[in-house]
Amino acid sequence: MAGNAPCRLGVLVSGSGTNLQAIIDRIISGEIRAEIACVISNKADAYALTRAARHGIPVVVHENSRFPDRRSYDAATVDILRSYSVDLVILAGFMRILTDVMVNAFPNAIMNIHPALLPAFPGLHAQQQALDYGVLFSGCTVHFVDCGTDTGPIILQSVVPVEPDDTEETLSSRIQQSEHQTFAEAIKLFVEGKIQIEGRKVRRLP
Ligand code: GRF
(Lines give C-alpha, C1' and ligand atoms only; values in the text may rest on other atoms or scores of the structure.)
Protein backbone atom coordinates (compact mmCIF):
# COMPACT_ATOMS: atom_id res chain seq x y z
CA MET A 1 0.00 0.00 0.00
CA ALA A 2 1.34 3.38 -0.92
CA GLY A 3 1.91 5.67 2.08
CA ASN A 4 -1.30 6.67 3.80
CA ALA A 5 -3.53 6.00 0.79
CA PRO A 6 -6.59 3.79 1.36
CA CYS A 7 -6.05 0.10 0.66
CA ARG A 8 -7.23 -0.77 -2.85
CA LEU A 9 -9.51 -3.82 -2.96
CA GLY A 10 -10.15 -6.00 -5.99
CA VAL A 11 -13.34 -7.99 -5.39
CA LEU A 12 -13.98 -11.20 -7.35
CA VAL A 13 -17.58 -12.40 -7.56
CA SER A 14 -19.78 -14.94 -9.33
CA GLY A 15 -23.22 -14.37 -7.84
CA SER A 16 -25.58 -12.16 -5.92
CA GLY A 17 -22.95 -10.11 -4.12
CA THR A 18 -24.46 -9.64 -0.67
CA ASN A 19 -20.95 -9.80 0.80
CA LEU A 20 -19.79 -7.23 -1.75
CA GLN A 21 -22.70 -5.00 -0.69
CA ALA A 22 -21.76 -5.37 2.99
CA ILE A 23 -18.20 -4.27 2.18
CA ILE A 24 -19.43 -1.32 0.09
CA ASP A 25 -21.75 -0.23 2.93
CA ARG A 26 -18.96 -0.35 5.50
CA ILE A 27 -16.60 1.62 3.28
CA ILE A 28 -19.29 4.27 2.79
CA SER A 29 -19.95 4.44 6.54
CA GLY A 30 -16.22 4.90 7.18
CA GLU A 31 -15.89 1.65 9.16
CA ILE A 32 -13.39 0.26 6.63
CA ARG A 33 -10.79 2.66 5.26
CA ALA A 34 -10.46 1.20 1.78
CA GLU A 35 -11.51 1.76 -1.78
CA ILE A 36 -12.92 -0.88 -4.14
CA ALA A 37 -10.71 -0.46 -7.20
CA CYS A 38 -12.65 -2.97 -9.31
CA VAL A 39 -15.16 -5.79 -9.20
CA ILE A 40 -14.40 -8.73 -11.48
CA SER A 41 -16.98 -11.39 -12.30
CA ASN A 42 -16.59 -14.64 -14.18
CA LYS A 43 -20.35 -14.55 -14.82
CA ALA A 44 -21.83 -11.86 -17.08
CA ASP A 45 -25.21 -12.03 -15.31
CA ALA A 46 -23.96 -11.85 -11.71
CA TYR A 47 -26.17 -9.46 -9.74
CA ALA A 48 -23.02 -8.34 -7.90
CA LEU A 49 -22.11 -6.39 -11.07
CA THR A 50 -25.31 -4.36 -10.79
CA ARG A 51 -24.56 -3.60 -7.14
CA ALA A 52 -21.04 -2.40 -8.03
CA ALA A 53 -22.16 -0.29 -10.99
CA ARG A 54 -24.82 1.36 -8.82
CA HIS A 55 -21.98 2.69 -6.66
CA GLY A 56 -19.84 3.76 -9.62
CA ILE A 57 -17.28 0.99 -9.05
CA PRO A 58 -15.47 -0.18 -12.21
CA VAL A 59 -16.67 -3.65 -13.23
CA VAL A 60 -14.98 -6.23 -15.44
CA VAL A 61 -16.73 -9.29 -16.87
CA HIS A 62 -13.97 -11.87 -17.15
CA GLU A 63 -15.43 -15.17 -18.34
CA ASN A 64 -13.41 -18.33 -17.96
CA SER A 65 -14.89 -19.97 -21.08
CA ARG A 66 -12.56 -17.86 -23.24
CA PHE A 67 -9.44 -19.42 -21.68
CA PRO A 68 -7.92 -22.87 -22.36
CA ASP A 69 -7.07 -23.62 -18.74
CA ARG A 70 -7.24 -22.29 -15.19
CA ARG A 71 -3.68 -20.94 -15.14
CA SER A 72 -4.11 -18.80 -18.25
CA TYR A 73 -7.40 -17.48 -16.84
CA ASP A 74 -5.65 -16.60 -13.59
CA ALA A 75 -2.76 -14.91 -15.43
CA ALA A 76 -5.29 -12.65 -17.15
CA THR A 77 -6.99 -11.99 -13.79
CA VAL A 78 -3.64 -10.93 -12.32
CA ASP A 79 -3.15 -8.50 -15.21
CA ILE A 80 -6.56 -6.94 -14.58
CA LEU A 81 -5.96 -6.64 -10.82
CA ARG A 82 -2.52 -5.08 -11.41
CA SER A 83 -3.97 -2.63 -13.91
CA TYR A 84 -6.21 -1.37 -11.06
CA SER A 85 -3.26 -1.32 -8.59
CA VAL A 86 -5.03 -3.71 -6.22
CA ASP A 87 -3.46 -4.31 -2.77
CA LEU A 88 -5.89 -6.89 -1.41
CA VAL A 89 -7.97 -9.40 -3.38
CA ILE A 90 -11.36 -10.35 -1.91
CA LEU A 91 -13.11 -13.52 -3.05
CA ALA A 92 -16.74 -12.69 -2.29
CA GLY A 93 -18.61 -15.70 -3.60
CA PHE A 94 -16.14 -16.31 -6.43
CA MET A 95 -16.85 -19.89 -7.43
CA ARG A 96 -13.45 -20.91 -8.76
CA ILE A 97 -10.38 -22.48 -7.20
CA LEU A 98 -7.29 -20.32 -7.72
CA THR A 99 -4.06 -21.66 -9.17
CA ASP A 100 -0.51 -20.87 -8.06
CA VAL A 101 -0.49 -18.07 -10.68
CA MET A 102 -2.93 -15.98 -8.64
CA VAL A 103 -1.78 -17.16 -5.22
CA ASN A 104 1.88 -16.30 -5.92
CA ALA A 105 1.01 -12.94 -7.49
CA PHE A 106 -0.73 -11.78 -4.25
CA PRO A 107 1.04 -13.60 -1.40
CA ASN A 108 -1.02 -13.43 1.83
CA ALA A 109 -3.18 -10.82 0.18
CA ILE A 110 -6.14 -12.88 -1.05
CA MET A 111 -9.06 -13.45 1.34
CA ASN A 112 -11.97 -15.85 0.96
CA ILE A 113 -15.17 -16.34 2.94
CA HIS A 114 -16.42 -19.89 3.42
CA PRO A 115 -19.85 -20.78 4.87
CA ALA A 116 -18.63 -23.31 7.48
CA LEU A 117 -16.18 -23.57 10.34
CA LEU A 118 -13.09 -24.79 8.50
CA PRO A 119 -11.45 -27.26 8.38
CA ALA A 120 -14.95 -28.82 8.60
CA PHE A 121 -16.96 -28.95 5.40
CA PRO A 122 -14.68 -27.42 2.74
CA GLY A 123 -15.76 -27.15 -0.90
CA LEU A 124 -19.25 -26.85 -2.32
CA HIS A 125 -22.54 -27.11 -0.39
CA ALA A 126 -20.86 -26.56 2.97
CA GLN A 127 -24.19 -25.80 4.64
CA GLN A 128 -25.77 -29.04 3.38
CA GLN A 129 -22.64 -30.93 4.44
CA ALA A 130 -23.09 -29.50 7.95
CA LEU A 131 -26.78 -30.50 8.03
CA ASP A 132 -26.02 -34.01 6.75
CA TYR A 133 -23.34 -34.47 9.40
CA GLY A 134 -25.68 -33.36 12.15
CA VAL A 135 -23.52 -30.66 13.75
CA LEU A 136 -25.25 -28.35 16.24
CA PHE A 137 -23.11 -25.36 15.32
CA SER A 138 -21.66 -24.20 12.03
CA GLY A 139 -20.66 -20.72 10.91
CA CYS A 140 -18.29 -18.95 8.59
CA THR A 141 -14.55 -18.65 8.12
CA VAL A 142 -12.48 -15.88 6.57
CA HIS A 143 -9.09 -17.19 5.49
CA PHE A 144 -6.14 -16.33 3.32
CA VAL A 145 -6.10 -18.28 0.10
CA ASP A 146 -3.50 -20.85 -0.80
CA CYS A 147 -3.58 -23.40 -3.63
CA GLY A 148 -5.85 -25.83 -1.78
CA THR A 149 -9.62 -25.83 -1.48
CA ASP A 150 -10.44 -23.68 1.57
CA THR A 151 -7.16 -24.64 3.29
CA GLY A 152 -5.35 -21.31 3.85
CA PRO A 153 -4.53 -19.66 7.21
CA ILE A 154 -7.67 -18.73 9.16
CA ILE A 155 -8.18 -15.05 9.98
CA LEU A 156 -11.60 -15.00 11.71
CA GLN A 157 -14.47 -17.39 12.36
CA SER A 158 -18.02 -16.85 13.63
CA VAL A 159 -20.23 -19.54 15.12
CA VAL A 160 -23.85 -19.92 14.01
CA PRO A 161 -26.28 -22.38 15.65
CA VAL A 162 -27.96 -25.04 13.54
CA GLU A 163 -31.69 -25.31 14.33
CA PRO A 164 -33.45 -28.71 14.30
CA ASP A 165 -35.73 -27.79 11.40
CA ASP A 166 -33.10 -26.03 9.29
CA THR A 167 -32.97 -26.55 5.54
CA GLU A 168 -29.98 -25.68 3.38
CA GLU A 169 -31.72 -22.38 2.60
CA THR A 170 -32.50 -21.34 6.18
CA LEU A 171 -29.04 -22.28 7.47
CA SER A 172 -27.37 -20.53 4.51
CA SER A 173 -29.33 -17.38 5.18
CA ARG A 174 -28.41 -17.35 8.90
CA ILE A 175 -24.74 -17.98 8.10
CA GLN A 176 -24.77 -15.27 5.44
CA GLN A 177 -25.77 -12.66 8.01
CA SER A 178 -22.69 -13.54 10.05
CA GLU A 179 -20.50 -13.57 6.93
CA HIS A 180 -21.19 -9.92 6.25
CA GLN A 181 -19.92 -8.82 9.65
CA THR A 182 -17.02 -11.30 9.86
CA PHE A 183 -15.69 -10.53 6.38
CA ALA A 184 -15.83 -6.79 7.09
CA GLU A 185 -13.94 -7.25 10.39
CA ALA A 186 -11.20 -9.28 8.67
CA ILE A 187 -10.80 -6.69 5.90
CA LYS A 188 -10.66 -3.94 8.49
CA LEU A 189 -7.89 -5.77 10.38
CA PHE A 190 -5.89 -6.17 7.16
CA VAL A 191 -6.23 -2.57 5.99
CA GLU A 192 -5.26 -1.32 9.44
CA GLY A 193 -2.11 -3.48 9.37
CA LYS A 194 -3.28 -5.51 12.38
CA ILE A 195 -2.65 -8.96 10.92
CA GLN A 196 0.59 -10.91 11.20
CA ILE A 197 1.02 -14.34 9.62
CA GLU A 198 3.32 -16.93 11.17
CA GLY A 199 3.10 -20.17 9.21
CA ARG A 200 -0.52 -21.27 9.40
CA LYS A 201 -1.28 -18.93 12.30
CA VAL A 202 -2.74 -15.50 11.85
CA ARG A 203 -2.09 -13.23 14.83
CA ARG A 204 -4.05 -10.08 15.57
CA LEU A 205 -1.90 -7.14 16.52
CA PRO A 206 -3.16 -4.52 19.01
C1 GRF B 1 -21.40 -16.91 0.44
O2 GRF B 1 -22.24 -17.75 1.14
C3 GRF B 1 -19.97 -17.33 0.61
O4 GRF B 1 -19.75 -17.99 1.82
C5 GRF B 1 -19.76 -18.29 -0.52
O6 GRF B 1 -20.52 -17.77 -1.57
C7 GRF B 1 -21.61 -17.02 -1.05
C8 GRF B 1 -21.61 -15.70 -1.74
O9 GRF B 1 -22.76 -14.95 -1.49
N10 GRF B 1 -18.35 -18.41 -0.80
P11 GRF B 1 -22.91 -13.46 -2.03
O12 GRF B 1 -22.67 -13.50 -3.53
O13 GRF B 1 -21.90 -12.62 -1.32
O14 GRF B 1 -24.31 -13.07 -1.71
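Whatever order the structure lists ligands and atoms in, that order sets their numbers, starting from 1.
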Checking Asn64, Leu98, Thr99 against Arg70 for side chain to side chain contact (heavy atoms under 4.5 Å, CB included), the one that qualifies is Thr99

Atoms of ligand 1 under 4.0 Å from any heavy atom of Pro115, numbered from 1 in the order shown, are 4 (O)

Against ligand 1, does Ala48 come closer than 4.0 Å with any heavy atom?
no

The closest protein heavy-atom partner of atom 9 (O) of ligand 1 is Gln176 NE2, 3.2 Å

Min over Leu124, Ile113, Val11 of heavy-atom distance to atom 5 (C) of ligand 1 lands on Ile113

In ligand 1, the atoms that come under 4.0 Å of a heavy atom of Gly93 are 6 (O), 8 (C), 10 (N)

Within 6.0 Å of CZ in Arg204, more than 12 heavy atoms from elsewhere: no

Exactly one candidate in Val13, Ile24, Ile90 meets side chain to side chain contact (heavy atoms under 4.5 Å, CB included) with Val39; the answer is Val13

How about Tyr73 and His62: are their ring centroids closer than 6.0 Å? yes

Using modelled atom types and a 3.5 Å cut-off, is there a donor and acceptor pairing between side-chain atoms of Thr141 and backbone atoms of Leu118?
yes

Open item on the list: Any nitrogen or oxygen of Thr18, side chain or backbone, less than 3.5 Å from one on ligand 1?
Closed with: yes

### Query
If you measure from the Lys or Arg side-chain nitrogens to the Asp or Glu carboxylate oxygens, is any gap between Lys188 and Glu31 under 4.0 Å?
no

- Query: Counting heavy atoms not belonging to His55, are there more than 12 under 6.0 Å from its NE2?
  - Reply: yes

Original post:
Within the structure, does His114 bring an N/O atom to less than 3.5 angstrom of an N/O atom in ligand 1?
Top reply: no

So the atoms of ligand 1 within less than 4.0 Å of a heavy atom of Glu179 turn out to be 1 (C), 2 (O), 3 (C), 4 (O)

Ranking Gly17, Ser14, Gly15 by closest non-hydrogen atom to atom 12 (O) of ligand 1, top hit is Gly17

